[in-house]
Amino acid sequence: MSWEERFNDKAGGVILRKELFSDPETGMLVRLVRYPAGLINPRHTHPCGHGMYVLEGQLVTHMARMVQAVSSGFPEGEIMEHGAQCGRRRDGRLCHQ
């Protein structure tokens with residue numbers, strides 16, 4: 001299964017994803033998503049709740065930084081942002097700040 005490239009205007013970059021499961025009756029989806037290092041999907045909402053599980057690297061959200069084997073849930077309508085941490089700059093700040 002190949003990666004689908006999706007350009008995100010608000011994030012200003014390409015997010016890769018693979019659809020692993022889809023149920024047309026309920027609308028439930030399971031996707032594998034890969035954020036390029038430093039790409040943050042800025043503040044947005046979703047019309048349904050969703051969750052994320054970190055397989056590799058670090059996920060940055062509006063709530064916390066999450067490392068491998070950590071999951072997070074987001075309720076319907078919550079204003080959120082999330083993406084991949086790229087590490088620290090020389091001044092000690094994260095590159096997306």
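What you see is a predicted model; the values in this text were computed from it and never measured.
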Name the atoms and distances for all side-chain donor-acceptor pairs under 3.5 Å in residues 27-37, with sequence neighbours left out.
unit_1	atom_1	unit_2	atom_2	d
Tyr35	OH	His82	ND1	2.8

Asp9: partners by side-chain hydrogen bond (donor to acceptor under 3.5 Å, both in side chains), with sequence neighbours left out: none
Test item: Glu19 and Glu4 side chains (from C-beta on) under 4.5 Å apart, heavy atoms: no
Rounded distance (nearest 0.5 Å) linking atom CE of Met52 with atom CE of Met80: 8.0 Å
Enclosure of Ile79 CD1 (heavy-atom neighbours >12, cutoff 6.0 Å): no
Shortest non-hydrogen separation from Pro42 to Lys10 and the atoms involved: CG-O, 3.4 Å
Salt bridge (Lys or Arg N to Asp or Glu O under 4.0 Å) partners for Glu78, two or more places apart: none
Where Arg17 and Trp3 come nearest, the two heavy atoms and their spacing: N-CE3, 3.5 Å
Non-hydrogen atoms of Asn41 and Ala11 that approach each other most closely: CA-CB, 4.0 Å
Residues that His62 engages under ring-ring contact (aromatic ring centres under 6.0 Å, His included), provided they are two or more places apart: Phe74
Residues in side-chain contact (heavy atoms from CB on, under 4.5 Å) contact with Val14, at least two apart in sequence or another chain: Glu5, Phe7, Leu16
Thr45: side-chain hydrogen bond (donor to acceptor under 3.5 Å, both in side chains) partners, not counting sequence neighbours: none
